[in-house]
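Read through the structure below, which is laid out as structure tokens, and then see the notes.
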Amino acid sequence: MPTPPIGTSQSYIAHVDVNSFYVSCERVFEPKLENRPVIVLSNNDGCAVARSSEAKALGIEMGAPWFKLSAAAERMGLVAKSSNYELYGEMSARVMKLLGRFSAWTEIYSIDEAFLGVRGTLDELQLLGEKIKAEVYRLTGLPVCVGIATSKTLAKMANNTAKHLKVLNGVCVWDRAPKQTTENLLARLPVVEIWGIGPRLTKRMRGLGIWTAKDLRDADEVRIRDKFSIVQMRTVLELRGIPCIPMEEEREVKGQLIFSRSFSDPITDRVGMEQVMGVYAQQASARLHKHQKTAKILTAWAMTSYYNQNQDHQPAVTVKLPGPSADPVVLTKAAKQLLPQVLVGVKYARAGVMVMDLRPMAMQETFEPFVSAHEARNIGSLLQQIRSDHGVKSIGLGAAGLQSGPSWEMRREMMSPRYTTHWKELLTVKAA
DNA sequence: ACGTAGTAG
DNA sequence: CGTTCTACTACGT
């Protein structure tokens, strides 16, 4: 008697992503934005980072600078919103929690995307995709598309197909479509549209006669590895439906943390830069404390605007900390080592602090020859405690602790209320 | 070990 | 005048 088959159904990957995520979040709380061209702007209201389909139809590109759009916005009926990351972060958490109901095996890939390990017949998978879409919409108000295939790369491609082909109603199970259809799609899809293939690789691939997803899938994978790298070889196999990019474990903190921002007004002096370094270093300290991590290396940098070609300057320092640390005093001191390189009178448009080589904060009794006096007295934890009780702006060291917002604080003139995270900004509903 | 290139969202 | 921010992997030295 034959043993029963272990899995009668194949293992698949579902890729779920929210349509125009930031715009959709804004629409949940402001339904009059439905069916209108809407964009969400980057920090400082600099450029468009999310566009509704109507805005895309107006020809507004990703990254289009607001100063070039603002004049014509009213005539076009275009609505712009400043980014409200607190709102998006919270909506994202709701979606991800919900997706956990459909699979115990999920990978949160970005703020608005997740991969889910799923099984079933092709028809069952179709129903599952429809169910996911309907439930996310019912419980969060956000529209998603679902792509299902045997590899992550194809699942992404299926999702993209679901977004573009209206007849699919937002769900595409790749292997369920007629062979002829998927072959045509691949033959028409430029390589730059494939996950992992950017503009540089696209150019090099064209040189080898590889223009479409079909060309790449049918290319010799060993040749691809030799001409490019193992990453692109995996892409070739993934396009053939062979999973090569595994589902990743959830990582609590990444290998590095970066704090960087463009300024609303450029910084031209050492005092200003000193304040900025203080703020970033303390933000870094706060995040490290929150995750109970320490860093061994800190890099601080500043740069002039890319568009200011006659004044190009990018000072940077990398500092090996005296020992693994999350201490705000240690980090601030390290970040300020950038200052001697800062030229007075040069217009710095942005700056940042990056901490690397992160590792878990040592337990209490570990031998620590490099502990500073501040650390020994636990000032870092104290600051962290006060921040969590009274808000991140309640306390800080030196110039970074100043209350009045310096001139380089973020410009966010069109920001929506933080509906879901601040009691005073709750949505008001009026009964007719 | 560290810096650079390339990519994603 | 002005064009986001964060984080990864691979590779070459």
Side-chain angles (χ1 to χ4, degrees), chain A residues 15 17-23 39-51 60-71 82-85 88-89 92 107-115 152-153 156 159-160 191-205 224-235 244-246 248-249 251-266 268 280 283-284 287 296-297 299 301 303-311 314 316-320 347 349-358 410-412:
Chain A
H15 177 253
D17 108 358
V18 183
N19 308 343
S20 315
F21 180 56
Y22 297 168
V23 169
I39 58 174
V40 171
L41 301 174
S42 63
N43 290 339
N44 289 322
D45 294 343
C47 66
V49 291
R51 304 158 295 155
I60 294 166
E61 298 287 327
M62 191 65 169
W66 174 237
F67 76 90
K68 283 188 182 172
L69 299 173
S70 53
S82 300
S83 43
N84 186 345
Y85 289 105
Y88 312 148
S92 171
E107 175 190 337
I108 298 171
Y109 180 71
S110 75
I111 193 164
D112 74 323
E113 284 174 73
F115 292 104
K152 282 183 168 180
T153 304
K156 280 267 230 184
N159 194 315
N160 210 33
V191 286
V192 75
E193 301 286 325
I194 301 167
W195 186 41
I197 309 292
R200 305 287 176 95
L201 285 167
T202 298
K203 217 172 150 206
R204 287 167 59 197
M205 287 191 176
I224 294 295
R225 188 198 58 197
D226 293 344
K227 295 273 183 197
F228 301 94
S229 83
I230 189 82
V231 180
Q232 285 70 40
M233 185 178 105
R234 280 189 206 124
T235 300
C244 299
I245 306 173
E248 305 237 354
E249 300 295 322
R251 265 171 303 186
E252 228 205 287
V253 191
K254 324 284 179 185
Q256 59 189 33
L257 294 172
I258 300 178
F259 298 84
S260 164
R261 207 115 301 178
S262 297
F263 313 129
S264 45
D265 298 306
T268 57
Y280 292 161
Q283 285 179 352
R287 272 266 274 290
K296 282 189 77 178
I297 298 168
T299 299
W301 76 91
M303 58 209 312
T304 49
S305 167
Y306 176 74
Y307 300 92
N308 182 2
Q309 291 290 357
N310 49 351
Q311 229 193 17
Q314 279 125 36
V317 282
T318 296
V319 183
K320 279 202 169 87
K347 291 185 185 176
R350 54 214 246 207
V353 163
M354 170 164 58
V355 287
M356 285 162 294
D357 202 351
L358 307 189
M410 224 197 290
R411 183 158 48 214
R412 296 200 290 191

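Proteins come first, then strands; the chains are lettered A, B, ... in the order of their sequence lines, and each starts at number 1.
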Sugar-phosphate, base or nothing in reach of A:Phe259, heavy atoms under 4.0 Å
sugar-phosphate
Tell me what A:Ile197 touches on the nucleic acid: a base, only sugar-phosphate, or nothing, going by heavy atoms under 4.0 Å.
sugar-phosphate
At under 4.0 Å between heavy atoms, what does A:Ile194 touch on the DNA or RNA strands: base, sugar-phosphate, or nothing?
sugar-phosphate
Nearest-neighbour nucleotide for the A:Ile230 side chain, C:dA10, B:dT7, C:dT6 considered
C:dA10
Check the distance between C:dA10's C1' and A:Ile245's CD1 and give it to me in whole angstrom.
14 Å
Earlier contact from the 5' end, DNA chain C, for A:Gly46 and A:Phe228:
A:Gly46
In terms of relative ring orientation, are A:His15 and A:Phe115 parallel, tilted or perpendicular, with 30° and 60° separating the classes?
tilted
So, does A:Ser42 use its side chain to make a donor-acceptor pair with the main chain of A:Cys47 at under 3.5 Å?
yes
Calculate the interatomic distance between A:Met62 atom CE and C:dT4 atom C1'; express it in whole Å.
9 Å
With a non-hydrogen cut-off below 4.0 angstrom, is A:Lys320 in contact with a base, only sugar-phosphate, or nothing?
sugar-phosphate
Describe the nucleic acid contact of A:Arg234 in one word from base, sugar-phosphate, nothing, applying a heavy-atom distance below 4.0 Å.
sugar-phosphate
When you compare C:dT4 with B:dT7, how far apart are their C1' atoms, in angstrom units rounded to a whole number?
16 Å
Using a 4.0 Å heavy-atom cut-off across all strands, classify A:Trp195 as base, sugar-phosphate, or nothing.
sugar-phosphate
Selected nucleotide, minimal atom distance to A:Ser42 side chain, candidates B:dA8, C:dA7, C:dT4:
C:dT4
Between A:Arg204 and B:dG6, does any side-chain N or O lie under 4.0 Å from OP1 or OP2?
no
From CD of A:Glu193 over to C1' of B:dT7, roughly how many Å is that when rounded to an integer?
14 Å
Rounding to an integer number of Å, can you tell me how far A:Phe115 CZ sits from B:dA8 C1'?
11 Å
Does the side chain of A:Ser82 pick up a donor-acceptor pair with the side chain of A:Asn84 at under 3.5 Å?
no
Tell me the interatomic distance from A:Leu257, atom CG, to C:dA7, atom C1', rounded to whole angstroms.
10 Å
Nearest to the side chain of A:Gln256, which nucleotide is it out of C:dA7, C:dT4, C:dT3?
C:dA7
Of the nucleotides B:dT7, C:dT3, C:dC11, which has the atom closest to the A:Arg200 side chain?
B:dT7
Using OP1 and OP2 only, check whether a side-chain N or O of A:Ser262 sits under 4.0 Å from C:dT3.
no
Using atom types as modelled and distance alone, determine if a side-chain donor or acceptor of A:Ser92 lies under 3.5 Å from a backbone N or O of A:Ile111.
yes
Can you check side chain to side chain donor-acceptor pair (under 3.5 Å) on A:Gln232 and A:Thr235, steps first, answer last?
CA-CA 5 Å; A:Gln232 285 70 40; A:Thr235 300; 5.8 Å; no
In this structure, how many angstroms lie between the P atom of C:dA7 and the CD1 atom of A:Ile111, rounded?
13 Å
Measure CD1/A:Ile108 against C1'/C:dA7 and give the value in whole Å, please.
16 Å
Return the value, rounded to whole Å, for the distance between atom OH of A:Tyr280 and atom P of C:dC5.
8 Å
If you look at every strand shown and take non-hydrogen atoms under 4.0 Å, does A:Leu201 touch a base, only sugar-phosphate, or nothing?
sugar-phosphate
With the side chain counted from C-beta on, respond yes when A:Asp17 and A:Tyr109 share a heavy-atom pair under 4.5 Å apart, and no when they do not.
no
Checking C:dT4, C:dA7, C:dT3 against the side chain of A:Arg287 (C-beta onward), the nearest is C:dA7
Tell me which nucleotide among C:dC5, C:dT6, C:dG2 gets nearest to the side chain of A:Phe67.
C:dG2
Starting at the 5' end of DNA chain C, which residue's closest nucleotide do you reach first, A:Arg225 or A:Lys347?
A:Lys347
